[in-house]
Structures are given as structure tokens and as C-alpha cells.
2 protein chains.
Amino acid sequence: MVGKLRGLGYKATPQRLAVLEALAAEQHQSLEELRGRCPGVGLVTMYRTLDLLSETGLVRRLDLGDGPRYELAEDHHHHMICESCGEVSEFEECPVDTRSLADLGFEVNAHSLEVYGRCAGCVGGERR
Amino acid sequence: MVGKLRGLGYKATPQRLAVLEALAAEQHQSLEELRGRCPGVGLVTMYRTLDLLSETGLVRRLDLGDGPRYELAEDHHHHMICESCGEVSEFEECPVDTRSLADLGFEVNAHSLEVYGRCAGCVGGERR
DNA sequence: TCACTAACTGAAAAATATTTTCAACTACAC
DNA sequence: GTGTAGTTGAAAATATTTTTCAGTTAGTGA
């Protein structure tokens, strides 16, 4: 991580390391959540660092319907979004097979899947 | 569409119909793009309508890294995002099999897949 | 180890984006 | 038609993001 930053000619400052550590704590956090984990980092630097990390591809910004959120760019990442209670959870097992995309000439580096539906709790309780 | 709105107790106003029509013209549009297609609709109403449509599940807001965008909530939708040139395209063939999620008790209604990599043009031209 | 420099930071200000308020308007049920 | 709850748009308020700029610092090379 740090190596990648330096390799691209960027400095590994304490602020950047703090943001990376905050990102590692949990996936899809909001700016405010990240700020809570980086008390020493100024607001402007948060924005700039997240921009920088997004540009280098280390971080991805996404919006699952509740405002911008950030997460470390993993090779593949899977979200399950409950349309009843709004809960966003993650799951490991990968139901995606991107091999067919090679036929379109696209070189696949990573993917992100969002599944919308109703979580076990809402299905069980028949909550609307 | 209109029926669904009315069924939920909402009125089918010309503004809402205009926004729905604008959404139908193209997927993942920004607010400004949608505004361009709805000259008669005020800015506040745009925001309110998109909120309303998102709540009813007709529309989904997403952020692929370049700010919020909106699209009609299709059952499944697949984006291909080129990390070199930033182009976002869509593809039809579905490389996702969500059947395994039933084991987790999750009831799947729809999904959205984002594939990150390099598009045919960038791979061919070796553009960085 | 030290000095140099390009890169970086934070506070304030500016610019943008989004939400709230409220009086006037309208779709639609009766 | 009439009544009314729901809807709209303009202005104001608020929130979010970006820019500016003077001061600081990581990392390089001597």
C-alpha cells in the first residue's frame, strides 16, 4: 500500500496512513465515519486523500443509495442491500463469472456486485 | 410505472412523468443530464422526484466514481468501467448467478454489477 | 546528518450541491 | 364541478466539496 503510493511519486504522510488504516477497519464507510477514525486529519485532507487514493485505484467511492461511501478496492466485493430495512451487508462467496467479458475485449481487473432484495430478518418477520 | 405510483398514493404529475421519460432515455445519467431532458421541471422538483422514485424502488442512485447518477431499477444491470479512460458502458449478458444467496436467507429481487478494468480501446492502444 | 525542494497540510474563503420553507397550484376522488 | 391532500417552484437555509495560500514536512542526495 505504502509502497504503491511511493512508487507513484506520492509521499507516505501520517495523514495518508491514518486514512488508509481507517479504511481498513470497515468497508463502505461514509466520510463522517472515516473522520471519526482519523481525529488528527483535517477535513480538506480527508477529501484530498480520498481523491488521491481513488485515482491510484486503491480506493473506490460508491453510493448504494445513502450518500457517498468509500472502501478499499478489493478484487471482488459483494454487497447485499435490504430494500426493507436498508441494511447493507457483505458476503464472501463470489457468484460472478467474468470470463465471458474477455470476448468483448475488456480486460477485467476487479468487480463489485450489489444484490438488492430482502434480508433474512425482514423475510422472516415479514416486515415491509 | 404510472400505475405503481398511483397505487402507492402518489399523483402522476406531468413533472414526474417527464422525469421518468428522461430516465428512460439513457441509463446512469447525472442530475444535470436529466435536467437537460426535463426543461420544464424545477430543480427542487427534480431532487424530490428522484428521491421519491428511489424510495418506491423504481429508480436507483449510484456512484461509479464520478458523482451521483440515476437509473431505472432494472432487474439486473451490468456496467463496465474502464479505469484508463473512465468510459462507462453497459453489457447485456449476465455473468451473475445469485441462487446461492438463497442459502443465506436473502430474497433476491435485483442486482447490479460493476466490472472494473480496461476497455477494448485502451487495451488495444495501450493507453495508460 | 543536514539541507533542499517538491509535495503536502490545514484554516479560511469560495463555490456547489442539496434540503427546507411556505404560499400558490393541481390531480383526482367523490 | 368541488374539496382536499398532495405537489410545485422560488427563495432561503444548510450541507458538502473545492480552492487558495502561507506554512510545514517527507524523502532525496550531498
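In what follows, chains are A, B, ... by sequence order, proteins preceding strands, each numbered from 1.
For the 3.5 Å distance criterion, the side chains of Arg37(A) and Gln29(A) qualify, holding a donor opposite an acceptor.
Here Gly40(B) lies in heavy-atom contact (under 4.0 Å) with sugar-phosphate atoms only.
Closest of all the heavy-atom pairs between Gly117(A) and Asn109(B) is CA-ND2, 3.6 Å. Residues Ala18(A) and Cys38(A) approach most closely at O-SG, 3.5 Å, considering heavy atoms. Taking every heavy atom of both residues into account, Val123(B) and Gly105(A) meet most closely at CG2-O, 4.2 Å.
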Under 4.0 Å protein heavy-atom contact, by nucleotide of nucleotides 13-21 of chain D - B base, S sugar-phosphate only: ---SBBBB-

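The distance between atom CE of Met46(B) and atom C1' of dG9(D), rounded to the nearest whole Å, is 14 Å.
Looking only at side-chain heavy atoms (C-beta outward), Leu23(A) and Glu71(A) stay at 4.5 Å or farther from each other.
Residue whose closest nucleotide on DNA chain D sits further toward the 5' end, between Val41(B) and Gly9(B): Gly9(B).
Classification of the Phe91(B)-His78(B) ring pair by plane angle, with boundaries at 30° and 60°, yields parallel.
Distances shorter than 4.0 Å separate some side-chain N or O of Gln15(A) from OP1 or OP2 on dG10(C).
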Which pairs, protein N/O on one side and nucleotides 27-30 of chain D N/O on the other, fall under 3.5 Å?
unit_1  : atom_1 : unit_2   : atom_2 : d
dG27(D) : OP1    : Arg6(A)  : NH1    : 2.4
dG27(D) : OP1    : Ala12(A) : N      : 3.2
dG27(D) : OP2    : Arg6(A)  : NH1    : 3.4

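The environment of Glu33(B) atom CD is dense: over 12 non-hydrogen atoms of other residues, nucleotides or ligands sit within 6.0 angstrom. Heavy-atom contacts from other residues, nucleotides or ligands closer than 6.0 Å to CD of Glu21(A) number 12 or fewer.
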